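Have a look at the structure below before the remarks.
Only a predicted model underlies this, so the values are computations on that prediction, with no experimental measurement involved.
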Protein chains: 2
Amino acid sequence: MTYCVGLQLERGLVFLADTRTNAGLDNISSYRKLYTWEEPGERTLMLMTAGNLATTQAVVSLLEERNLAPSERDPSLMSAPSMFQAARLIGQTLKDVIAQQRAGGPNAGSTFNATMIFGGQVKGGPPRLYMIYPEGNFVEAQTDTPFFQIGETKYGRPILVRAYDNDMDFAQGVKLLMVSFDSTIRANLSVGTPLDLQIYETDSLKLGYSRRILDTDEDWRAVSDGWSDALRQAFDSLPDVNL
Amino acid sequence: MTYCVGLQLERGLVFLADTRTNAGLDNISSYRKLYTWEEPGERTLMLMTAGNLATTQAVVSLLEERNLAPSERDPSLMSAPSMFQAARLIGQTLKDVIAQQRAGGPNAGSTFNATMIFGGQVKGGPPRLYMIYPEGNFVEAQTDTPFFQIGETKYGRPILVRAYDNDMDFAQGVKLLMVSFDSTIRANLSVGTPLDLQIYETDSLKLGYSRRILDTDEDWRAVSDGWSDALRQAFDSLPDVNL
């Protein structure tokens, strides 16, 4: 499994991705699932992937090959005129890769599937955040639903729904994602540290703060260790039930 | 879907079950999923069900028919010499019903399946809590894993793992389950009020406090409304992340 969240705030975007991949419980590895591209002052793009690793790596490799000579290989991520067109390109590439892997050979059915969160900004437009499906289509985050999750989404969702605030600063946004990841990692063995963090500040048109969060990371430990106590206090603060 | 939790405390057992059943999003109904049997001073049994409603109702009907004339229909729930033997009877009945529904006719595959939480006490033994699988086998709660969930288990699990305490009184146990149910109901449309609560006090050998919790229930509203604020305060109380 996987857990990745893309969060849309007033100030910008926050991406957090785990790195665990597994082919069975007895075969786990660590792979980066967060990819970034930038041309400072012109565009900044961030992509997180969940699903079949061969599929997601193939998609990213195809996208990067196109970037190498964008003038000859149009469209490419770096030449797409808008975030919407970039998302279409990723969706089409994803759909093509899945179709190609499914054609002929042993039929592994839906296991070739992958889902992606794509966000960033292209000069002239606002920051955008998309969720891209294996069918190649995609939806965009709006104020009613200001975040996307992929992979193991359920354990970490209640805190996102409850504590999210559009006005949060980046430190609060990262803390929120850390709590959501902590709940998930404690419940699902197939989600694990290290985590990859990437921040994008609205209209900066360059990659913002990033960090690889190891299991020993001080902030991560403070959130992870502190959350049990905080949650228990929150629970105690609720009025008693009358039986 | 469904959400039911059985909680084992030092003082006894707490059962909470939702009542929503659905055959598609456009066809929902309310059915009781919590069943109880007692012979005061001798045994008290509680059962919660998730899965195919035809299967679970058939199992309960078969178990109750056996109870009608236990002397002639041995074994029955009311004559089983121990909780373990009662759990075996339920598991075998469940397995038989599923096998019978699967045989011949249109093959709906695993949709005939059901899972159950069974708990209570038979005189001469301690209270016990079991999770019964569609295969007819079952596992018992122990101090390391003092609760069972069936149905939509993920949204409501983090708070159970974090806030459970073996020493809780019943009011705290019910509050804990209410928080867990609130997180689930907010996230999954196929879990809904009213909820059925049943408490069993260790060695009482009779049914304890029970209540049907409507959406307008004062305690339920207090927990549901209060939890957002409490959670947000808990979140704010965590140390800031240093970026």
Side-chain angles (χ1 to χ4, degrees), chain A residues 14 16 152-165 168-180 182-188 197 199 208-211 213 217-243, chain B residues 14 152-165 168-180 182-188 197 199 201 208-211 213 217-243:
Chain A
V14 185
L16 193 59
E152 174 52 279
T153 61
K154 293 188 178 182
Y155 297 110
R157 189 173 181 88
I159 184 65
L160 290 179
V161 172
R162 286 284 199 0
Y164 170 87
D165 190 328
M168 281 177 158
D169 62 27
F170 287 126
Q172 288 173 308
V174 171
K175 189 166 83 169
L176 176 59
L177 295 189
M178 279 186 177
V179 172
S180 177
D182 181 57
S183 293
T184 309
I185 285 173
R186 281 178 191 247
N188 189 327
L197 169 69
I199 289 173
Y209 181 84
S210 71
R211 172 152 129 209
I213 298 168
D217 185 285
E218 275 187 28
D219 288 324
W220 170 253
R221 288 258 59 89
V223 166
S224 182
D225 295 342
W227 187 237
S228 284
D229 288 340
L231 209 54
R232 196 176 277 260
Q233 280 171 26
F235 178 71
D236 289 340
S237 78
L238 287 179
D240 283 341
V241 174
N242 302 301
L243 301 183
Chain B
V14 184
E152 174 55 273
T153 62
K154 292 188 178 184
Y155 297 110
R157 190 173 180 87
I159 185 64
L160 289 180
V161 171
R162 285 281 198 3
Y164 170 86
D165 190 329
M168 282 176 157
D169 62 28
F170 287 126
Q172 288 174 310
V174 172
K175 188 167 82 170
L176 175 60
L177 294 189
M178 280 187 177
V179 172
S180 177
D182 181 57
S183 294
T184 308
I185 284 173
R186 281 179 191 246
N188 189 328
L197 169 68
I199 289 174
E201 190 176 347
Y209 182 84
S210 72
R211 173 152 127 206
I213 299 169
D217 184 285
E218 275 187 29
D219 288 324
W220 170 252
R221 288 259 57 89
V223 166
S224 181
D225 296 342
W227 187 235
S228 283
D229 287 340
L231 210 52
R232 196 177 278 260
Q233 281 172 25
F235 178 70
D236 289 339
S237 78
L238 287 180
D240 282 341
V241 174
N242 301 299
L243 301 183

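For chain A, the nearby parts of B:Phe170 are the backbone and the side chain; heavy atoms of each come within less than 4.5 Å. For B:Ser224, the part lying near chain A is the backbone, with the side chain staying farther off; criterion is any non-hydrogen pair under 4.5 Å. Interface residue B:Val223: backbone and side-chain heavy atoms are both found under 4.5 Å from chain A. For A:Tyr155, the parts sitting under 4.5 Å from any heavy atom of chain B are the backbone and the side chain alike. Contacts between A:Arg162 and chain B at a heavy-atom distance below 4.5 Å involve backbone atoms as well as side-chain atoms. With a threshold of 4.5 angstrom between heavy atoms, B:Trp220 does not approach chain A through any atom at all.
A salt bridge does not link A:Arg232 to A:Asp236: none of the charged side-chain nitrogens sits closer than 4.0 Å to a carboxylate oxygen.
Here the side chains of B:Arg211 and B:Asp219 are in contact, with some heavy-atom distance below 4.5 Å. In this structure, the side chains of B:Met178 and B:Ile213 come closer than 4.5 Å at one or more pairs of heavy atoms.
Residues satisfying the salt bridge (Lys or Arg N to Asp or Glu O under 4.0 Å) criterion with B:Glu152, sequence neighbours excluded, are A:Lys154. Scanning for salt bridge (Lys or Arg N to Asp or Glu O under 4.0 Å) contacts around B:Arg221 gives B:Asp215, B:Asp225, with sequence neighbours left out.
The residue among A:Leu176, A:Ile159, A:Val161 with the most heavy atom pairs within less than 4.5 Å of chain B is A:Leu176. Contacts with chain B were tallied for A:Ala163, A:Gly226, A:Ala234; A:Ala234 has the most, counting heavy-atom pairs under 4.5 Å.
With hydrogens and angles disregarded, a donor-acceptor distance shorter than 3.5 Å links the side chain of A:Gln172 to the backbone of A:Asp169.
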